[in-house]
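Structure, as structure tokens:
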Amino acid sequence: GPPSLSTSVSCTRCSSLKFWLISDLEHRLFINGQFVDSQTSDWIDIHNPATNEVIGRVPKATQAEMEAAVSACQRTFPAWSELSILNRQQIFLRYQQLIKDNLKELARLITLEQGKTLADAEGDVFRGLQVVEHACSVTSLMLGETLPSLTKDMDTYTFRLPLGVCAGIAPFNFPAMIPLWMFPMAMVCGNTYLMKPSERVPGATMLLARLLQDAGAPDGTLNIIHGQHEAVTFICDHPAIRAISFVGSNQAGEYIYERGSRNGKRVQSNMGAKNHGVVMPDANKENTLNQLVGAAFGAAGQRCMALSTAVLVGEAKDWLPELVAKAKKLRVNAGDQPGADLGPLISPSGVKEGASLLLDGRDVKVKGFENGNFVGPTILGNVKANMTCYKEEIFGPVLVVLEADTLDDAIEIVNENPYGNGTAIFTTNGATARKYTHLADVGQVGVNVPIPVPLPMFSFTGSRASFRGDTNFYGKQGIHFYTQLKTVTSQWKEEDATLTSPAVVMPT
Ligand code: NAD
């Protein structure tokens with residue numbers, strides 16, 4: 001049977017401490033149904049962000065290994081795409097159950113490699129699981145269209161057909177959810193898939209691959225390579241790959257969008273964010289401040305939908321001290337420790353320049369995890385739109401606070417920021433909410449909902465600098481991204497209606 005993924009061992013230096021050593025699958029590639037050792041001499045260390053200890057390593061796949069992975073995708077595509085759609089649906093029905101059965105193990109791997117709290121890691125798996133459940137509706141989602149009797153005896157209908165080999169490139173911050181936005185939707189449509197997880201958090205993807213195999217996906221329909229820039233460029237350039245799904249930073253996403261598109265591929269690229277929470281003075285204060293603090297600092301701010309910017313409108317400016325007090329109470333600890341509200345950052349980093357530092361999380365020390373990448377909740381007040389801390393994505397537990405006199409001023413601030421991923425407005429006034437939802441040029445808007453990530457029957461819809469491409473992830477859009485239309489026009493005439501001479505004029 002397949003090797004076990006992780007082993008519990010005691011720390012050699014501190015007998016009271018237990019940590020998980022990742023073994024076996026982690027450092028392998030998944031090619032043609034086999035977890036294979038790489039022949040590479042180039043490896044990338046995986047760190048536990050709570051301790052900075054090396055807990056495993058991934059190979060940078062060699063050119064030959066990457067080619068073998070694409071060949072497996074190509075070879076298995078004809079049979080997989082022609083398999084009855086009901087059979088593919090059954091595989092994903094089994095898969096969703098296997099993910100549920102292994103939810104805790106997946107979450108533990110995520111906390112170990114990524115650092116987020118265990119409860120949050122379970123949420124990471126759960127939100128990906130919902131996409132798999134949605135993929136099981138493929139028999140409705142992939143329906144084409146028909147129009148009968150376009151002319152005498154003639155009907156037209158469309159098929160939604162898979163593209164062929166598709167590829168996904170994932171970021172570190174949602175090790176289970178984001179890969180699950182990608183290969184299940186693509187594969188249930190009949191595509192075969194090449195996945196490149198984040199080299200910093202490969203564990204969850206490897207276990208997800210094993211579970212898909214257990215669910216009955218034929219060998220070679222899903223393949224996994226590891227690596228960084230070279231693997232990404234390989235994907236952008238390989239002629240057999242028809243579509244690329246990317247989630248991550250603008251630096252990588254713009255490169256992939258441009259290079260992949262130039263090579264004739266479909267590319268969807270979800271990128272960085274600076275999400276604004278607009279707080280109106282008529283909002284429910286207690287509720288709003290709790291939501292704001294949770295959405296700014298949960299997952300240590302390493303969510304693309306984290307509310308990293310607050311815009312306090314009118315008298316809501318006076319709520320700042322209470323906001324700071326609530327943030328101060330959050331507990332920073334290793335993600336697997338009981339009661340942790342936020343865990344460490346993926347890598348050691350400094351908090352950037354600020355205006356007035358209302359809460360400084362830079363000197364946080366966590367007992368037992370002195371070498372971890374911990375930053376406590378940090379709040380910068382009196383921030384202006386031209387400051388670096390506002391213009392750049394920080395991707396840490398940092399909330400920058402701007403002030404606005406009116407709703408119109410707040411809308412102007414939001415729309416002048418280059419990013420358009422998510423935003424939220426907190427208000428008890430329906431007309432205010434309606435105006436904001438219509439005028440904010442942002443892909444996802446929450447009304448009294450701080451992190452409005454859509455459920456999978458809708459799509460994840462970033463705008464402006466947060467998204468490149470024109471067809472979004474999951475929902476109907478996801479099905480459209482991974483399929484192409486074929487339009488069939490057919491005419492079945494009765495014997496006596498046979499054409500008696502060639503029709504040389506354009507039919508009208
Ligand atoms: P990242 O761009 O560093 O890495 C993402 C992937 O791209 C990885 O697989 C990595 O190997 C590869 N990569 C990294 N640098 C590259 C380069 N220069 N050229 C080619 N490939 C490269 O992103 P990350 O740090 O893992 O993730 C955090 C970022 O992802 C944040 O900007 C966050 O906002 C964004 N994000 C966006 C969404 C969304 O849906 N909009 C969701 C999650 C994360």
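Whatever order the structure lists ligands and atoms in, that order sets their numbers, starting from 1. Computed from a prediction, not measured in an experiment: that's the story for all the values here.
- Residue-level proximity to ligand 1 for Ala170 is carried by the backbone, the only part with a heavy atom below 4.0 angstrom.
- Between Arg303 and the options Asp120, Asp124, Asn173, Asn275, a side-chain hydrogen bond (donor to acceptor under 3.5 Å, both in side chains) holds for only Asp120.
- Closest protein heavy atom to atom 26 (O) of ligand 1: Phe172 N, 3.0 Å.
- Of all protein heavy atoms, the one closest to atom 16 (C) of ligand 1 is Ala252 CB, 3.5 Å.
- Polar contact with ligand 1: present for Lys196 (N/O pair, distance under 3.5 Å).
- Between the side chains of Asn32 and Arg75, at least one donor N or O sits under 3.5 Å from an acceptor N or O.
- With respect to Glu122 and Lys104, a salt bridge is recorded, a charged nitrogen being found less than 4.0 Å from a carboxylate O.
- Ring-plane geometry between Phe473 and Trp181 is classed as tilted, the angle between the planes lying from 30 to 60 degrees on a 0 to 90 degree scale.
- Ligand 1 has Ile178 within reach: a non-hydrogen atom of the residue lies less than 4.0 Å from it.
- Scanning all protein heavy atoms for the shortest distance to atom 40 (O) of ligand 1 gives Asn270 ND2, 3.0 Å.
- Of all atoms in ligand 1, listed by their number and element, those nearer than 4.0 Å to a heavy atom of Met271 are 34 (O), 37 (C), 38 (C), 39 (C), 41 (N).
- When each atom of ligand 1 is checked for a heavy atom of Ile169 under 4.0 Å away, the hits are 6 (C), 7 (O), 9 (O).
- A centroid separation of 6.0 Å or more is found between the aromatic rings of Tyr419 and His276.
- Any N or O atom pair closer than 3.5 Å counts here, and Arg200 shares at least one such pair with ligand 1.
- Ranking the protein heavy atoms by distance from atom 19 (N) of ligand 1 puts His229 CD2, 3.1 Å first.
- Here Asp237 pairs with Arg259 in a salt bridge; the nearest charged N to carboxylate O distance falls below 4.0 Å.
- A 4.5 Å side-chain heavy-atom check between Ile224 and His226 finds at least one atom pair inside the cut-off.
- Considering backbone and side-chain N/O of Glu199, one or more are found under 3.5 Å from N/O of ligand 1.
- Ligand 1 has no nitrogen or oxygen under 3.5 angstrom from a nitrogen or oxygen of Gln228.
- Counting heavy atoms from C-beta outward, Leu208 and Tyr95 have side chains that approach closer than 4.5 Å.
- Taking a 4.0 Å cut-off on heavy atoms, Phe395 registers as neighbouring ligand 1.
- For ligand 1, the polar-atom distance check finds an N/O of Glu393 within less than 3.5 Å of one of the ligand's N/O atoms.
- In this structure, Gly462 has no heavy atom closer than 4.0 Å to ligand 1.
- Put simply, atom 4 (O) of ligand 1 has no protein non-hydrogen atoms near it, under 4.0 Å away.
- Ranking the protein heavy atoms by distance from atom 42 (C) of ligand 1 puts Cys304 SG, 2.9 Å first.
- Contact annotation: the side chain of Lys196 never approaches that of Phe234 to less than 4.5 Å [non-hydrogen atoms, C-beta and beyond].
- For Tyr436 and Thr423, the side-chain atoms include at least one donor-acceptor pair closer than 3.5 Å.
- When heavy-atom distances to ligand 1 are checked against a 4.0 Å cut-off, Phe246 comes that close only through its side chain, counted from C-beta outward.
- Among the atoms of Gly248, some N or O lies under 3.5 angstrom from an N or O of ligand 1.
- Inspection of the Thr471 and Gln477 side chains reveals no N or O donor paired with an N or O acceptor under 3.5 Å.
- At a heavy-atom cutoff of 4.0 Å, ligand 1 is contacted by no atom of Phe174, backbone or side chain.
- At a 4.0 Å heavy-atom cut-off, ligand 1 touches Asn421 through the side chain alone.
- Taking a cutoff of 4.0 Å between a charged side-chain nitrogen and a carboxylate oxygen, Glu199 and Lys60 do not qualify as a salt bridge.
- When the heavy atoms of Pro197, Pro202, Gly168, Ser249 are ranked by distance to atom 23 (O) of ligand 1, first place goes to Ser249.
- For the pair Phe374 and Leu342, the minimum side-chain heavy-atom distance is 4.5 Å or more.
- For the pair Pro377 and Val332, the minimum side-chain heavy-atom distance is below 4.5 Å.
- Heavy-atom proximity to Pro171, at under 4.0 Å, picks out these atoms of ligand 1: 5 (C), 24 (P), 26 (O), 27 (O).
- Of the listed options Asn173, Val232, Ile44, Val232 places a heavy atom closest to atom 12 (C) of ligand 1.
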